[in-house]
S.K.: 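Take a look at this one; I'll ask things after.
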Number of protein chains: 2
Amino acid sequence: MLRVTKLTDYGVLLLSQMADGDEREACTARDLADSTRLPLPMVSKIAKLLAHHGLLLSHRGAKGGYSLARPAHKITLAEIIAALEGPIAITDCLGHDDCRCEADPICSMRGNWDVVNHAVRGALEGVTLEDMVAGKKVTVPSFPLALASSGSERSGK
Amino acid sequence: MLRVTKLTDYGVLLLSQMADGDEREACTARDLADSTRLPLPMVSKIAKLLAHHGLLLSHRGAKGGYSLARPAHKITLAEIIAALEGPIAITDCLGHDDCRCEADPICSMRGNWDVVNHAVRGALEGVTLEDMVAGKKVTVPSFPLALASSGSERSGK
DNA sequence: AAAAAGAGTACCAAAAAGGTCCAGTTTCCG
DNA sequence: CGGAAACTGGACCTTTTTGGTACTCTTTTT
C-alpha cells in the first residue's frame, strides 16, 4: 500500500522524542525505550542504524548514549527513510539496471517512473524532523505540485 | 525502500499498453500477455482487479476482453496504485484508528504524517496514464512543493 | 575491575508479495 | 444446440520481507 515500514515509523518517533528534549544531551537507548514505550531491542536496533547513517551521534561506554547529529530542522524525512529502509526508489527499475526493461523496447516508461520517484522524494525532503515533532503542526500550502500532464507542452530542458 | 509492488508495476505496463493501441478496441488478457511478455495468469489477475475498481471495462464471453473505462489522461497513477494495493497510506496510523497513538499523547505526530501522506498522494495524482505511455516523456518543473519547513521564515502558527 | 553503555550479528516467526491453478459463467458462432 | 473463447472468483503455494529478539563483543567511566 505504498507505506513506510514500522522501523521508519518508530524511527521518527524516537528522533522526534530526542529533538523534543534537551537537544545536546545524550540519551540512552533505555531512556528512549522508556519514554516511547517501545521495546529496548527495537530502539537499540534503530538507533544503531540511524547512527550508522550519520543522523545520530553515539557515545559509547558508561554515561554514553545517542544525540542528534544535526539540529532537527536539518534532518529530513527522506533521510530517515533512506537510513532505515534503503534508498527511496518507487520501482525496482530505478535501483539497478538489470531489469527486463532495457532489453525491451516496450518499457520506455522507466524515465517516467523516475520522474514520479523524484516527485515523491521531493515531497519527503520537504518535511523535516522539526516539522514532525510532537505538538507542532505542519502546514502545507494548497499543494502546488504541477507535473506537466497529458499532452500539455512544457519548457523542457 | 518505499516502493510500489510488482502488481502496480505490471498494471501500469498493461494499462499503458492498452492506451497506446486502439483506444476503444477491447483486447484480451492473452493479447496483453503476449505484447507485454507477462505471464497470462498475472495479466488476468491484474485486469480483474483493475476492472473491479472501475479502471477497466470487461466484456465477457467469446470475443470479449478488456478496454479502458476512461481516456488515458483521466486515469491517475494514484488510482492505479489504490486499485492494486489498497488505499495509499504512508503509515499504519492513517488507515485505522485503533493504533496505540490515540491513547498515547506522545504520538501527536499523526496529523503530520497525514500531511506527508497528502503530499505523496498529491504527487501521484499529478501523473496520468497518458503521461506514462511508452514513448512519451513527462517533464517536471523545478519542483515547487513548498511545505512550511524548519523554523525558519515560517509565517504564523 | 566492574558496571553501563553501544556495536555487530545471528536468528526466528509472522506477514506480505509474487505467482499459479482451477472450477464456474457468460457470450459468440457455426 | 453445443462448443470454444473469455472473464470471474477463489484457493493455494513459495519466496521475500518485516518485525522482533538474543547473544557476544568492545568501549568508557568510576
Side-chain angles (χ1 to χ4, degrees), chain A residues 1-11 13-14 18 25-34 36-67 69 81 83-87 89-92 95 99-100, chain B residues 1-11 13-14 18 25-34 36-67 69 81 83-87 89-92 95 99-100:
Chain A
M1 306 121 181
L2 196 71
R3 71 179 39 165
V4 106
T5 66
K6 296 231 168 167
L7 234 61
T8 298
D9 206 345
Y10 297 162
L13 187 57
L14 291 181
M18 297 181 71
E25 196 73 15
C27 48
T28 72
R30 178 166 300 282
D31 289 343
L32 288 169
D34 288 346
T36 60
R37 294 187 190 100
L38 294 173
L40 176 56
M42 258 290 105
V43 173
S44 191
K45 179 183 197 166
I46 293 169
K48 274 181 264 187
L49 276 170
L50 292 173
H52 199 263
H53 284 82
L55 297 184
L56 288 182
L57 296 177
S58 74
H59 313 282
R60 305 179 58 155
K63 282 294 212 175
Y66 295 98
S67 56
I81 295 176
L84 297 176
E85 310 187 26
I90 279 288
T91 61
D92 271 342
C99 67
R100 22 168 287 131
Chain B
M1 309 115 179
L2 197 72
R3 70 178 38 163
V4 105
T5 66
K6 297 233 166 162
L7 234 60
T8 299
D9 205 345
Y10 297 161
L13 187 56
L14 290 181
M18 297 180 72
E25 196 72 16
C27 48
T28 72
R30 177 166 300 283
D31 288 344
L32 288 170
D34 288 346
T36 59
R37 293 187 190 100
L38 259 31
L40 177 55
M42 257 292 104
V43 172
S44 193
K45 179 183 199 166
I46 294 168
K48 272 182 267 188
L49 277 170
L50 292 173
H52 198 261
H53 284 82
L55 298 185
L56 288 181
L57 296 177
S58 73
H59 313 282
R60 307 179 55 156
K63 281 294 209 176
Y66 294 97
S67 55
I81 294 176
L84 298 176
E85 312 188 25
I90 279 287
T91 61
D92 272 342
C99 66
R100 24 169 284 131

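To find a chain, count down the sequence lines: A is the first, B the second, and so on, and within it residues start at 1.
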S.K.: Identify the two heavy atoms, one from B:Cys27 and one from B:Met18, that lie closest to each other, and give their separation to 0.1 Å.
M.R.: SG-CE, 3.8 Å
S.K.: Just list the side-chain donor-acceptor pairs under 3.5 Å for residues 38-60 of chain B, sequence neighbours left out, or say none.
M.R.:
from: B:His53; atom 1: ND1; to: B:Leu49; atom 2: O; distance (Å): 3.0
from: B:His59; atom 1: NE2; to: B:Ser67; atom 2: OG; distance (Å): 3.1

S.K.: For DNA chain C, determine which residues of residues 52-60 of chain A have any heavy atom closer than 4.0 angstrom to one of its atoms, and list them numerically.
M.R.: A:Ser58, A:His59, A:Arg60
S.K.: Over all strands shown, is B:Ala51 touching base, sugar-phosphate only, or nothing at heavy-atom distances under 4.0 angstrom?
M.R.: nothing
S.K.: What's the spacing between B:Tyr10 OH and B:Leu84 CG if we round to 0.5 Å?
M.R.: 12.5 Å
S.K.: Counting the atoms with a prime plus P, OP1 and OP2 as sugar-phosphate, which does B:Ala47 contact under 4.0 Å by heavy atoms, base, sugar-phosphate, or nothing?
M.R.: nothing
S.K.: Let me spell it out: for each of A:Leu40 and B:Gly65, pick the nucleotide of DNA chain D with the closest heavy atom. Which residue's pick is nearer the 5' end?
M.R.: B:Gly65
S.K.: Is any side-chain nitrogen or oxygen of A:Tyr10 closer than 4.0 Å to OP1 or OP2 of D:dT18?
M.R.: no
S.K.: Do side-chain atoms of A:Glu85 reach the backbone of A:Thr5 as a donor and acceptor pair under 3.5 angstrom?
M.R.: yes
S.K.: Rounded to whole Å, please give me the gap between CD1 in B:Ile46 and P in D:dC7.
M.R.: 14 Å
S.K.: Quick one, A:Thr8 and B:Thr91 - any side-chain contact, counting heavy atoms below 4.5 Å?
M.R.: no
S.K.: Round to a whole Å and report the spacing from CZ of A:Arg30 to P of C:dG6.
M.R.: 9 Å
S.K.: Set out, line by line, the N/O atom pairs under 3.5 Å between protein and nucleotides 9-17 of chain C.
M.R.:
none

S.K.: Select one nucleotide: of C:dG19, D:dT21, D:dT8, the one nearest the side-chain heavy atoms of B:Ser44.
M.R.: D:dT8
S.K.: So what does the secondary structure string of DNA chain D come out as, 5' to 3', with Watson-Crick or wobble pairs under 3.5 angstrom, [ ] for crossing and | for pairs with another strand?
M.R.: ||||||||||||||||||||||||||||||
S.K.: Atom CG of B:Leu38 to atom C1' of C:dT20: distance rounded to whole Å?
M.R.: 14 Å
S.K.: Restricting to non-hydrogen atoms, name the atom on A:Leu2 and the atom on B:Ile90 that form the minimum distance, rounded to 0.1 Å.
M.R.: O-CD1, 3.7 Å
S.K.: Kindly give the atom pairs (protein nitrogen or oxygen, nucleotide nitrogen or oxygen) under 3.5 Å for nucleotides 3-5 of chain D.
M.R.:
from: D:dA5; atom 1: N3; to: B:Ala62; atom 2: N; distance (Å): 3.2

